[in-house]
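Below, all heavy atoms of this structure are taken into account, side chains as well, without hydrogens, waters or symmetry copies.
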Amino acid sequence: MLISVQQLDVYYGPIQALHNVNISVNQGEIVAIIGNNGAGKSTLLKTISGLVKPTNGQILFEEKSIGGAQADTIVKLGISHTPEGRMVFPDLSVEMNLVAGAYTRTDRAGIREDLKKYYKKFPILEERKNQKAGLMSGGEQQMLAIARSLMSRPKLLMLDEPSLGLAPVVVDEVYKIIREISTEGTTILLIEQNATRALNVADRAYILSNGTIELSGTGKELAANDEVRKAYLGV
């Protein structure tokens, strides 16, 4: 098991955002967490990545406790977080955004090799490498955000709403890339409101509702579940 979240409670002041959450992700899997707005999905990723401190429970990464660790420590351990809304640095060039993704690394030759690698995987980024990231389209910024996260060479890539606000044809491209990244050996934890997309790509999935895990199973099992189909798939 690569990461295990056990009995996790998270509060924002007096408001409890996560209630006794238990999830696990095995090496090589794509695991999706789906749920409506306000379900606690982004809070879960922020807690894993050290941006929010847990109140109770454990987060184990490669059997080491990381709950409450600093965000830069967690990146160095091998967890990278692509946030909702992409959050590129708009006034920096595309290439500087990518280099910023490798800020915990000191192997300059390796960083140059990874720039070449991701320019090959995302040709639009090479075309725009000297352009300010803020001038790119939403889809191009999403490609940049994913590539920037990969520059830290993560063992676990966490993606928060990668399809948000994108045209369907761009979403197709993003999910093609997610599959490729998984095939190349990076484990993925995927947060998504687009339940159909998420369940189609996921090995396993969890339903998060009001801060609580309500259901779990394989992507196929949940896609076939009548309750899930009515609540999240519009069927």
Peer 1: About how many Å separate CG of Asp203 and CG of Asn26, when rounded to the nearest 0.5 Å?
Peer 2: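 Here the rounded value is 9.5 Å.
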Peer 1: Is there a side-chain contact between Ile48 and Ile74 in this structure, where contact means two heavy atoms from C-beta onward sitting under 4.5 Å apart?
Peer 2: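 SC-SC contact between Ile48 and Ile74 ruled out.
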Peer 1: Tell me every residue that passes side chain to side chain donor-acceptor pair (under 3.5 Å) with Asp72, counting only those two or more places apart in sequence or in another chain.
Peer 2: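 Asp72: no side chain to side chain donor-acceptor pair (under 3.5 Å) contacts found.
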Peer 1: Would you mind listing the cluster partners of Leu164? Hydrophobic ones only (ILVMFWY), side-chain contacts under 4.5 Å, chaining allowed.
Peer 2: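 None; Leu164 is a cluster of one.
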Peer 1: Might you confirm whether atom CG of Asn20 has over 12 heavy atoms from other residues, nucleotides or ligands at distances under 6.0 Å?
Peer 2: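 Yes, enclosed.
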Peer 1: Check step by step if salt bridge (charged side-chain N to carboxylate O under 4.0 Å, His left out) holds for Asp172 and Arg197.
Peer 2: CA-CA 9 Å; Asp172 288 343; Arg197 288 282 186 178; 2.3 Å; yes
Peer 1: Let me see the working for Gln7 and Gln58 under side-chain contact (heavy atoms from CB on, under 4.5 Å), right down to the final yes or no.
Peer 2: CA-CA 7 Å; Gln7 299 177 320; Gln58 282 198 102; over 6 Å; no
Peer 1: Only one of Ile177, Val171, Val88, Val174 clears side chain to side chain contact (heavy atoms under 4.5 Å, CB included) with Gln142; which?
Peer 2: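 With Gln142 as partner, side chain to side chain contact (heavy atoms under 4.5 Å, CB included) holds for just one option, Val174.
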Peer 1: To the closest 0.5 Å, what do you measure between CG (Leu189) and CG (Leu157)?
Peer 2: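 Taking CG in Leu189 and CG in Leu157, the distance rounds to 9.0 Å.
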Peer 1: Verify the distance criterion only: is there a donor paired with an acceptor across the side chains of Glu227 and Tyr232 at less than 3.5 Å?
Peer 2: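 No, Tyr232 and Glu227 have no side-chain donor paired with an acceptor closer than 3.5 Å.
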Peer 1: Taking 4.0 angstrom as the limit, do Glu140 and Arg128 come out as a salt bridge?
Peer 2: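 Yes.
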Peer 1: Consider side chain to side chain contact (heavy atoms under 4.5 Å, CB included). Of Ile34, Leu45, Leu159, which one does Ile191 pass it with?
Peer 2: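 Of the listed options, the one satisfying the test is Leu45.
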Peer 1: Is there side-chain contact between Leu144 and Leu125, with heavy atoms separated by less than 4.5 Å?
Peer 2: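 They are in contact (side-chain heavy atoms under 4.5 Å apart), so the answer is yes.
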Peer 1: Return the minimal non-hydrogen interatomic distance between Ala32 and Ala202, and the atom names on each side.
Peer 2: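 For Ala32 versus Ala202, the nearest heavy atoms are CB-CB, 3.7 Å.
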Peer 1: Linking Ile, Leu, Val, Met, Phe, Trp and Tyr by side-chain heavy atoms under 4.5 Å, what else ends up with Ile15?
Peer 2: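 Via sub-4.5 Å side-chain contacts, Ile15 links to none.
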Peer 1: Would you say the side-chain atoms of Gln141 pair up with the backbone N or O of Gly138, donor to acceptor, closer than 3.5 Å?
Peer 2: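 Here the side-chain-to-backbone pair does not exist.
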Peer 1: To which residues is Met96 joined in a hydrophobic cluster, defined by side-chain heavy-atom contacts under 4.5 Å among Ile, Leu, Val, Met, Phe, Trp and Tyr, whether direct or through other members?
Peer 2: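 Traced through the cluster, Met96 reaches Phe89, Leu92.
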Peer 1: Going by heavy atoms in the side chains, are Pro162 and Ile178 under 4.5 Å from each other?
Peer 2: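 Yes, at least one pair of side-chain atoms sits under 4.5 Å.
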Peer 1: Which residues pass the side chain to side chain donor-acceptor pair (under 3.5 Å) test with Asp107, sequence neighbours left out?
Peer 2: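 For Asp107, the residues satisfying side chain to side chain donor-acceptor pair (under 3.5 Å) (neighbours in sequence not counted) are Arg105.
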Peer 1: Kindly give the heavy-atom pair with the smallest separation between Gln27 and Leu2, and that separation in Å.
Peer 2: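 That closest heavy-atom pairing would be OE1-CD1, 3.6 Å.
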Peer 1: Start with the C-alpha gap between Leu77 and Ile66, add the side-chain angles, then the distance that decides, and say whether side-chain contact (heavy atoms from CB on, under 4.5 Å) holds.
Peer 2: CA-CA 9 Å; Leu77 288 172; Ile66 63 167; 3.6 Å; yes
Peer 1: I'd like to check Glu63 versus Leu60 (side-chain heavy atoms, cut-off strictly below 4.5 Å). Are they in contact?
Peer 2: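 No. Closest side-chain heavy atoms not under 4.5 Å.
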Peer 1: side-chain contact (heavy atoms from CB on, under 4.5 Å), that's the test. Do Ile188 and Val31 meet it? Break it down for me.
Peer 2: CA-CA 6 Å; Ile188 296 173; Val31 173; over 6 Å; no
Peer 1: Of all the heavy-atom pairs spanning Gly211 and Val21, show the shortest one and how long it is.
Peer 2: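 Looking at all heavy atoms of both residues, the shortest contact is O-CG2, 3.4 Å.
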Peer 1: Using the salt bridge (charged side-chain N to carboxylate O under 4.0 Å, His left out) criterion, which residues pair with Glu184? Sequence neighbours excluded.
Peer 2: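 Salt bridge (charged side-chain N to carboxylate O under 4.0 Å, His left out) check on Glu184 returns Lys121.
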Peer 1: Would Leu150 end up clustered with Met158 when hydrophobic side chains under 4.5 Å apart are linked, directly or stepwise?
Peer 2: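 In one cluster: no.
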Peer 1: Evaluate Glu192 against Ser163 for side chain to side chain donor-acceptor pair (under 3.5 Å), listing each step before the verdict.
Peer 2: CA-CA 8 Å; Glu192 190 55 278; Ser163 71; 3.0 Å; yes
Peer 1: Go through the structure and list residues passing side chain to side chain contact (heavy atoms under 4.5 Å, CB included) with Lys53, not counting sequence neighbours.
Peer 2: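 Partners of Lys53 under the side chain to side chain contact (heavy atoms under 4.5 Å, CB included) test: Gln70.
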Peer 1: In the single-linkage hydrophobic clustering (I, L, V, M, F, W, Y; side-chain heavy atoms under 4.5 Å), do Ile3 and Val10 co-cluster?
Peer 2: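 Result: yes, single cluster for both.
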Peer 1: Would Val228 and Leu190 show up in the same hydrophobic cluster when neighbours are defined by side-chain heavy atoms closer than 4.5 Å?
Peer 2: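 No, it is not one cluster - the side chains of Val228 and Leu190 are not joined through contacts under 4.5 Å.
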Peer 1: Before you tell me yes or no, could you show the steps for Gln193 and Lys41 under side-chain contact (heavy atoms from CB on, under 4.5 Å), namely the whole-Å CA-CA distance, both residues' side-chain angles and the distance that decides it to 0.1 Å?
Peer 2: CA-CA 9 Å; Gln193 265 189 278; Lys41 303 186 304 297; 4.0 Å; yes
Peer 1: Sequence neighbours left out, what passes side chain to side chain donor-acceptor pair (under 3.5 Å) with Arg204? Give chain and number order.
Peer 2: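 Here the qualifying residues are Glu29, Tyr206.
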Peer 1: Kindly compute the distance separating CG (Asp9) from CG (Asn56), expressed to the nearest 0.5 Å.
Peer 2: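 If we round to the nearest 0.5 Å, Asp9:CG and Asn56:CG are 4.5 Å apart.
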Peer 1: Met151 and Leu98: which non-hydrogen atoms are nearest, and at how many Å?
Peer 2: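 Shortest heavy-atom contact: CG-O, 3.4 Å.
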Peer 1: Linking I/L/V/M/F/W/Y whenever their side-chain heavy atoms sit closer than 4.5 Å, directly or via other members, would Leu222 and Leu208 fall into one cluster?
Peer 2: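 Leu222 and Leu208: separate clusters.
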Peer 1: Apply side chain to side chain contact (heavy atoms under 4.5 Å, CB included) to Glu113 and list each qualifying residue two or more places apart in sequence or on a separate chain.
Peer 2: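 Side chain to side chain contact (heavy atoms under 4.5 Å, CB included) check on Glu113 returns Lys116.
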Peer 1: So which atom in Ile146 and which in Ile181 form the shortest heavy-atom distance, rounded to 0.1 Å?
Peer 2: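 Result for this residue pair: CG2-CD1, 3.7 Å.
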Peer 1: Pairing donors with acceptors under 3.5 angstrom, does anything connect the side chains of Ser93 and Glu95?
Peer 2: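 No, no side-chain donor-acceptor contact under 3.5 Å.
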Peer 1: Please name all residues satisfying side chain to side chain donor-acceptor pair (under 3.5 Å) with Tyr118, sequence neighbours left out, ordered by chain then number.
Peer 2: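 Partners of Tyr118 by the side chain to side chain donor-acceptor pair (under 3.5 Å) criterion come out as none, since no residue qualifies.
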Peer 1: Going by the side chain to side chain donor-acceptor pair (under 3.5 Å) test, which pairs reach into residues 143-162, not counting sequence neighbours?
Peer 2: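 Non-adjacent pairs meeting side chain to side chain donor-acceptor pair (under 3.5 Å): Ser42-Asp160, Glu62-Lys155, Thr82-Ser149, Asn97-Arg148, Asp114-Arg153.
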Peer 1: In a check of side chain to side chain contact (heavy atoms under 4.5 Å, CB included) between Ile59 and each of Ile79, Ile23, Thr47, which one passes?
Peer 2: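 The option that passes is Thr47.
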Peer 1: Could you tell me which residues satisfy salt bridge (charged side-chain N to carboxylate O under 4.0 Å, His left out) with Lys46, sequence neighbours excluded, listed by chain and number?
Peer 2: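 In terms of salt bridge (charged side-chain N to carboxylate O under 4.0 Å, His left out), with neighbours along the sequence ignored, Lys46 is linked to no residue.
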Peer 1: Within this structure, what is the OH-OG1 distance for the pair Tyr12 and Thr55, rounded to the nearest 0.5 Å?
Peer 2: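 Reported to 0.5 Å precision, the distance equals 10.0 Å.
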Peer 1: Please give me the minimum heavy-atom distance between Gly139 and Leu166, naming the atom from each residue.
Peer 2: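 Residues Gly139 and Leu166, closest heavy atoms: N-CD2, 3.6 Å.
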Peer 1: Can Phe122 be reached from Tyr175 by stepping across I, L, V, M, F, W or Y side chains whose heavy atoms are under 4.5 Å apart?
Peer 2: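 In one cluster: yes.
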Peer 1: Return the OG to CG distance between Ser209 and Asn36, rounded to the nearest 0.5 Å.
Peer 2: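 Result: 7.0 Å between the selected atoms.
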